[in-house]
Every structure is written in C-alpha cells, then in structure tokens.
Amino acid sequence: MKQDRKDTLYIVAGALLLLAAALLLHLAPAQEQPLLRVLPFLCLGVGAGLLGQGAGQLLQRKALQGNPELARQQRIEAEDERNIQLAQRAKAKAFDLMIFVFGALLLVFALMQVDLTAILLLVGAYLLVQGYAVYCRVRLEKEM
C-alpha cells in the first residue's frame, strides 16, 4: 500500500502542475519577464511526467496483482544477468555517442554565436557528465 500512496501522490502532483500550467498560460500569456514565460511550460513538462509515471506504475501494479505468473516472469526478466549486461552495454554505447554529439553541438552553437549563457550551461552539463564518468571509473577501479 505504501507504493500506491506514492503513485497517487505523483498523480495528484502532476495534475496540480498541469492545472497550474494552464492557469499561468491563461492569466499571463505574454509576460515580459523570462521566468514567467518559461514557468508554465516547465510546470507542463514536469506535471505530465509525474502524471504519466504515477498512472503507469499504478496501472502496472494493478494489472500484475491479477496475474501472479506474469509478475513472477517480469521479476525474473528484470533480475536476469544477461538482460542487465545488455542494458549496461547499450548505455555505454549511447554514452560514447553522446560525448561526440555534445561536443559537436557545443561547437555549432559557438560558431552560430548563440547567447553565451546557453553555451556556458551546455559546457557545464558536458563537464558534469564527463566528471561523473571519471568518478565512476575511479570508483569501479578501486572495487575491482
């Protein structure tokens, strides 16, 4: 029941954020302040994500309660070492591609003379990801 409460909280929070986004868009459609222009869309994105996550988890749990064999099969597949290794390798390949895509995007934005703030935010995100990769590598090397 504890998980049901969490999912219900996600659904309610998502619905409230969607309502707030609709109200913000209706009340102040053309504000001059950048924060008030972005806030409704931020509420819309986060609200839709929370609503979808909560509803999806709640519906999945309800469906699996009626079919214990399917729940057992899904649990086995989620804990299967082969599936875990496949997911890890897919993430590694995607990360390798992301390094080059981020670098190319940063270069293109710099050549297009995009606002310095946007470029610095992307550089910060890029360096954060690379720093985390180095941290994980060092940590894994110490474990092995």
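Pairing each heavy atom of Leu24 with each of Pro40, the nearest pair is CB-CG, 3.7 Å.
Within the 4.5 Å cutoff, no side-chain heavy atoms of Leu58 are placed close to those of Tyr10. Put simply, the side chain of Ile99 reaches to within 4.5 Å of the side chain of Tyr126, judged on heavy atoms. You'll find the side chain of Leu86 stays beyond 4.5 Å of the side chain of Arg89, heavy atoms only. Proximity of Leu16 to Val12: side-chain heavy atoms (C-beta onward) are separated by under 4.5 Å at one or more points.
The backbone N or O of Glu77 lies less than 3.5 Å from a partner atom in the side chain of Asn83, making a donor-acceptor pair.
For the atom pair Met112 CE and Leu105 CG, the distance stands at 9.0 Å (nearest 0.5 Å). The CD atom of Gln130 sits 4.5 Å away from atom CZ of Phe95, with the distance rounded to the nearest 0.5 Å. One finds the CD1 atom of Ile84 at 8.0 Å from the CD atom of Gln88 (value rounded to the nearest 0.5 Å). Annotation: the span from Leu18 atom CG to Leu23 atom CG amounts to 11.0 Å, rounded to 0.5 Å. Between the CG atom of Leu9 and the CG atom of Leu50 there is a distance of 8.5 Å, given to the nearest 0.5 Å. Expressed to the nearest 0.5 Å, how far CD1 of Ile11 lies from CD of Gln57 amounts to 10.0 Å.
Placement of Phe100 and Phe109 in two distinct hydrophobic clusters is found when ILVMFWY residues are connected by side-chain heavy-atom separations under 4.5 Å, directly or transitively. Both Phe102 and Ile119 are members of a single hydrophobic cluster when ILVMFWY side chains are connected at heavy-atom separations under 4.5 Å. Clustering ILVMFWY residues whenever any of their side-chain heavy atoms sit less than 4.5 angstrom apart, transitively, puts Leu97 in a cluster other than the one holding Leu106. Placement of Leu128 and Val138 in two distinct hydrophobic clusters is found when ILVMFWY residues are connected by side-chain heavy-atom separations under 4.5 Å, directly or transitively. Under the 4.5 Å side-chain heavy-atom criterion for ILVMFWY residues, a single connected hydrophobic cluster contains both Val129 and Leu122.
In the displayed structure, Glu81 atom CD is contacted under 6.0 Å by at most 12 heavy atoms of other residues, nucleotides or ligands. More than 12 non-hydrogen atoms from other residues, nucleotides or ligands lie less than 6.0 angstrom from CD of Gln65.
In summary, Glu79 and Arg75 do not engage in a salt bridge, as defined by a charged side-chain N under 4.0 Å from a carboxylate O.
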